[in-house]
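Single-structure report; data block below.
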Amino acid sequence: MAQRSLTYGHRLRGSAPRSRVRRFTNVGQMLARVFAGYKLISLREKRKGTAWGEARRNKHHLWSATKFYEAAVRNQGLLIKTGQFLGTRPDVLPDAYVDVLSGLHDEVPPETFENIKHQIERELGRPLAEIFVEFDETPVASASLAQVHRAVLKDGRVCAVKVQYPGIDHIVDIDLANMSFFISVLNKLDRSMDYRFVAEEMRKHIPLELDFINEGHNNERIAEDFKYVDDIVVPDIYWEYSTRRVLTMEYIDGVKITDYEGVRRLGVDPTDVAKILVFAFAEMIVKNGFFHADPHPGNLMVLPGPKLVLIDFGQAKELEPAFKDVLVRFTRTLLDGDNVAMGSAFRDLGFRTKRDDAEGYEQLGDAYVGRVAKRMQETDAGWAEGEIFQESYENVTKILRK
């Protein structure tokens, strides 16, 4: 799948539709076929039985996820970002969607070098050759809104140059409007398909991702918070070569966090990386109140040491002090085993279930952390083993889907 999508993407980047009608039609046809397939299975299931329906539904999950993937690569823009988001949500979608859509984190079609060159020269006001002594034409990473190239500045610094796709802001405006429409229609047709939270999250945060000055400031704030921490690395920003659409920063050649064999070749135990990752986000959320809000595998790397590298701060969020207070209260209720207080704290954190009853929140809290914490207390251990977290993860996804 990954190799096919890469080839497919290289062929289509320059031909992505830019009119609202064509983009609307591409997505609308895909969603209609997916929705109709599920409804047909539900209708026939009444006559053919649950076992038949479950088997057909699983096949349709994979078919639908593939159609979504292909539509995302065809349309590019925000549909890729949406697919990337959904590909990290096993609590929301069946496993087939997560498996297929997670490929969008790596296999995004790149823009042509000529268009990228013009974008950089327009933004920085100088020819490329006056700024860089080397500039790799092939990107090291292609994302939904921008791509990254390795380059060397005149002073010898090796850097990563993140360049926004030309015209992507116009495409994002179109996609936000289209997405809100489709989600509202799906919700009216079937109340179980309520993905309005996706539209709300996108409308709020995607425009901020198009401002690389904002991203650079987010980067520096996180770097400042971890400046005395040896095993967490955040790249330096080179402001003299950065604008709202071009961000130039220190180049760090790390191994992707999910490349387990690559991590082991560094002489690093992946378990040690997991511990650093947990510490990093606990520190950001509980202590600093400002955290990296897009920690998918493409934004996390590993260096020998081990050291954890955090990159791409287009999405970063600040938490109110009241939220941190509730989080501390929530943790205490987990350790105390007080299910009633835990359910109340879970709701105060902002979680909402469809039934919005105490029992659902108590089950969530117990599955998320309660069982892990209790096992640690029983064994008097300062760290829970991986299989305990795996069991907790499986319980959480089942309960969230329910």
Side-chain angles (χ1 to χ4, degrees), residues 1-37 61-89 92-93 96-112 115-116 119 139 141-147 163-186 193 195-196 198-203 205-207 209-210 245 294 296 298 314-315:
M1 168 63 91
Q3 183 59 47
R4 183 196 68 169
S5 64
L6 182 62
T7 305
Y8 183 46
H10 273 287
R11 192 173 70 246
L12 289 177
R13 164 57 68 180
S15 60
R18 292 181 175 269
S19 75
R20 179 171 183 178
V21 172
R22 285 190 61 196
R23 299 183 71 80
F24 182 95
T25 302
N26 285 347
V27 179
Q29 289 178 341
M30 179 269 294
L31 291 177
R33 294 175 68 189
V34 168
F35 181 79
H61 289 334
L62 180 59
W63 182 88
S64 300
T66 303
K67 291 304 175 186
F68 192 112
Y69 186 104
E70 292 171 352
V73 176
R74 185 181 303 113
N75 255 31
Q76 299 159 36
L78 203 55
L79 196 58
I80 284 181
K81 175 67 72 174
T82 304
Q84 290 174 334
F85 172 73
L86 294 175
T88 63
R89 297 300 300 270
V92 174
L93 292 173
Y97 283 90
V98 176
D99 292 341
V100 173
L101 298 182
S102 61
L104 290 171
H105 290 300
D106 299 309
E107 310 300 347
V108 179
E111 183 62 85
T112 65
N115 287 342
I116 289 298
Q119 178 84 316
S142 302
S144 55
L145 308 178
Q147 65 191 50
V163 188
Q164 202 171 113
Y165 298 130
I168 193 65
D169 48 352
H170 172 65
I171 288 176
V172 165
D173 287 342
I174 291 172
D175 288 352
L176 283 172
N178 287 344
M179 182 175 62
S180 296
F181 174 80
F182 287 128
I183 287 177
S184 66
V185 170
L186 285 174
M193 302 182 70
Y195 295 115
R196 286 175 293 179
V198 176
E200 291 167 5
E201 188 81 0
M202 293 290 183
R203 278 198 302 268
H205 294 287
I206 292 301
E209 283 199 69
L210 293 173
R245 296 182 177 86
D294 191 20
H296 67 70
Q315 290 189 45

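Index from 1, following the sequence. Computation of the quantities below employed the complete heavy-atom set of this structure, encompassing side-chain atoms and omitting hydrogens, waters and symmetry-equivalent molecules.
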Where at least one partner belongs to residues 23-33, residue pairs that pass salt bridge (Lys or Arg N to Asp or Glu O under 4.0 Å), sequence neighbours excluded
Arg23-Asp175
Inter-residue atom distance Thr82.OG1 - Ile183.CD1, 0.5 Å rounding:
7.0 Å
Please check if the side chain of Gln119 supplies one atom and the backbone of Gln164 the other of a donor-acceptor pair under 3.5 Å.
yes
Looking at every non-hydrogen atom in both residues, tell me the closest pair between Arg20 and Ala177 and how far apart they are.
NH2-CB, 3.6 Å
d(Ile206 CD1, Leu210 CG) to nearest 0.5 Å is 7.5 Å
Should Lys67 and Glu70 count as an ion pair when the cut-off is N to O under 4.0 Å?
yes
Here the gap from Leu78 atom CG to Leu145 atom CG, rounded to the nearest 0.5 Å, amounts to 7.5 Å
Identify which one of Leu104, Leu101, Leu79, Asp294 satisfies the side chain to side chain contact (heavy atoms under 4.5 Å, CB included) criterion when paired with Gln84.
Leu104
Over all atoms of both residues, closest heavy-atom pair of Lys81 and Ser144
CE-OG, 3.2 Å
Ignoring hydrogens and geometry, is there a side-chain-to-backbone donor-acceptor pair from Tyr165 to Ala143 under 3.5 Å?
yes
If you round to the nearest 0.5 Å, how far is OH of Tyr97 from OG1 of Thr66?
9.5 Å
Contact check, side chains of Ile168 and Arg245, non-hydrogen atoms, under 4.5 Å:
no
Main chain of Asp99, side chain of Ser102: is a donor-acceptor contact present, judged purely on distance under 3.5 Å?
yes
With sequence neighbours excluded, residues passing ring pair (Phe, Tyr, Trp, His ring centres under 6.0 Å) with Phe182:
Phe24
Are the side chains of Ile171 and Gln76 in touch, meaning some heavy atoms are under 4.5 Å apart?
no
Tell me, please, which residues at least two apart from Asn115 pass side-chain hydrogen bond (donor to acceptor under 3.5 Å, both in side chains).
Glu111, Thr112
Smallest heavy-atom separation, Ala65 atom then Ala96 atom, equals CB-O, 3.9 Å
